[in-house]
> 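Quick one: structure below, then a few questions.
Below, each value reflects all heavy atoms present in this structure, side chains not excepted, and no hydrogens, waters or symmetry copies.
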Amino acid sequence: RKISSADIVANLKKIARDENLKVSDEALAFIARRAAGSLRDGQVILDQMVSFSRGAVGMEDVARVLGIVEDEILFGLSGAIHGRDANAALKITDRFMREGKDVSTVAHALIEHFRNISVLKIGHDLESLVEAGDEKIAAYRAEADAFTIEDILYIVYTLSNALEMMRRSSSSRIPFETALIKLTRTGSIISLAEIAGRLERLEKNEGPRQASNASNEPPSAKKPDSAAAQPDNAGPKPAADLEEIASAWAAVISKIKEKK
């Protein structure tokens, strides 16, 4: 039987307290999540963390031992996406690749990052669905204010497509960087409800204006009926008489000579 993450965290907290160990709540939450319902696995991971750190255990220790993606990378990438800063996103990617991190692991972590943001965006009472400490929850909430739900759905969809391309590509870096460039070049996504609202407001504003223009139009401005406007003998206007043109031109020449 799998044990809930909350129960695993409670057990690990008791162990840390009994053995006078300093372990951050965020680290415990991640250890519980990595244990995947196994209390024994959670205890083994905690023991590894304590042996490795030889002191206080934080998320940096967990990241080094388990090879996870640090919050600095995830919040840096989400900040670059919100700020439409492709340059920053590519620099972060280059840095974590130089550190030896797997691109697909970062992509999966970034998708989960935006999943947590979306959960807290949807409701303030959904904190229990996000396995993180209070400080990180607050950081997620700040990120949630920067994105619309439509933005987040589009980001997750784009990153998921990038992951699929990574599986078929010899270079996982290219699909990931392409996705980041796409996300930093895309404007804010407007919801269908907002579009419908804008159209409705336009229609409401346009209606009275058209009616006012029609009522203020003078009778003389109204177009006559096409049948009545045309005389019976309507046809192409005849060209000017050649003799009239010659006479007028002669008069013009005469005036010029008088001035001379």
> In terms of side-chain geometry, is the basic nitrogen of Asp25 or Lys13 positioned less than 4.0 Å from the acidic oxygen of its partner?
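Yes.
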> CZ of Arg167: more than 12 outside heavy atoms within 6.0 angstrom?
yes
> How far does CE of Met166 sit from NE2 of His108, to the nearest 0.5 angstrom?
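Reported value, rounded in 0.5 Å steps: 8.5 Å.
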> Can you establish whether the number of heavy atoms outside Glu72 located under 6.0 Å from its atom CD is more than 12?
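Result for CD/Glu72: open.
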> Determine whether a donor-acceptor pair (N or O, by modelled atom type, separation under 3.5 Å) exists between the side chain of Lys101 and the backbone of Val69.
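A pair under 3.5 Å: no.
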> Which heavy atom of Met49 sits nearest to which heavy atom of Val57, and what is that distance?
CB-CG1, 3.8 Å
> Do Tyr140 and Lys121 come within less than 4.5 Å of each other through their side chains, counting heavy atoms only?
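Tyr140 vs Lys121: side chains apart.
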> In the hydrophobic clustering that connects Ile, Leu, Val, Met, Phe, Trp and Tyr at side-chain heavy-atom distances below 4.5 Å, which members other than Ile181 occupy its cluster, ordered by chain and number?
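Via sub-4.5 Å side-chain contacts, Ile181 links to Leu90.
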> Cluster question for you: counting only ILVMFWY and a side-chain heavy-atom cut-off of under 4.5 Å, with indirect links fine, are Val130 and Ile122 together?
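Yes.
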> Kindly give the heavy-atom pair with the smallest separation between Ser104 and Leu163, and that separation in Å.
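Ser104 and Leu163 have their closest heavy atoms at O-CD2, 3.9 Å.
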> Measure the CD1-CG distance between Ile155 and Leu180 for me, rounded to the nearest 0.5 Å.
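Between Ile155 CD1 and Leu180 CG, I get 10.5 Å after rounding to 0.5 Å.
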> Hey, could you give me the CD1/CZ distance between Ile8 and Arg33, rounded to the nearest 0.5 Å?
11.5 Å
> With respect to Asp94, which candidate in Glu177, Arg173, Glu99 satisfies the side chain to side chain contact (heavy atoms under 4.5 Å, CB included) definition?
Arg173
> For residues Ile137 and Leu120, report the shortest heavy-atom separation together with the two atoms involved.
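Where Ile137 meets Leu120 most closely, the heavy atoms are O-CD1, 3.9 Å.
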> So how far is it from Glu19 CD to Lys14 NZ, rounded to the nearest 0.5 Å?
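One finds 10.0 Å between CD of Glu19 and NZ of Lys14.
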> Hey, does the side chain of Thr148 reach the backbone of Asp151 with a donor-acceptor pair shorter than 3.5 angstrom?
yes
> Could you pull out the closest heavy-atom pair between Arg84 and Ile81, with the gap in Å?
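For Arg84 and Ile81, the tightest heavy-atom pair comes out as NH1-O, 2.7 Å.
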> Quick one: pull up CG in Leu77 and CD1 in Ile92 and give me the separation to the nearest 0.5 Å.
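So the CG of Leu77 and the CD1 of Ile92 are separated by 4.5 Å.
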> Below 30° counts as parallel, above 60° as perpendicular, anything between as tilted: where do the rings of Phe176 and Phe96 land?
perpendicular
> Between Glu112 and Arg115, is there a salt bridge with N-O shorter than 4.0 Å?
no
> Could you see if Leu39 belongs to whatever hydrophobic cluster contains Val44? Use Ile, Leu, Val, Met, Phe, Trp, Tyr and a side-chain cutoff under 4.5 Å.
no
> Could you tell me if Thr158 and Asn161 have a donor-acceptor pair between their side chains, going purely by distance under 3.5 Å?
no
> On a heavy-atom basis, which atom in Ile31 and which in Gly42 lie closest, and how many Å separate them?
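Closest pair (atom of Ile31, atom of Gly42, distance): CG2-O, 3.5 Å.
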> Could you pull out all residues at least two apart from Asp145 that satisfy salt bridge (charged side-chain N to carboxylate O under 4.0 Å, His left out)?
none
> For a side chain to side chain contact (heavy atoms under 4.5 Å, CB included) with Phe114, tell me which candidate from Leu74, Val119, Leu153, Val156 qualifies.
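So the option named by the test is Val156.
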> Please name the pair of heavy atoms, one in Tyr154 and one in Lys182, separated by the smallest distance, quoted to 0.1 Å.
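Looking at all heavy atoms of both residues, the closest pair is OH-CE, 2.9 Å.
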> Examine the side chains of Glu143 and Ser78 and answer whether a donor and an acceptor come within less than 3.5 Å of each other.
yes
> Just verifying a value: how many Å separate Asp7 CG and Leu12 CG, rounded to the nearest 0.5 Å?
11.0 Å
> Would you say Leu110 and Met165 are hydrophobically clustered, going by side-chain heavy atoms of ILVMFWY under 4.5 Å?
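No; Met165 is not reachable from Leu110 via cluster members.
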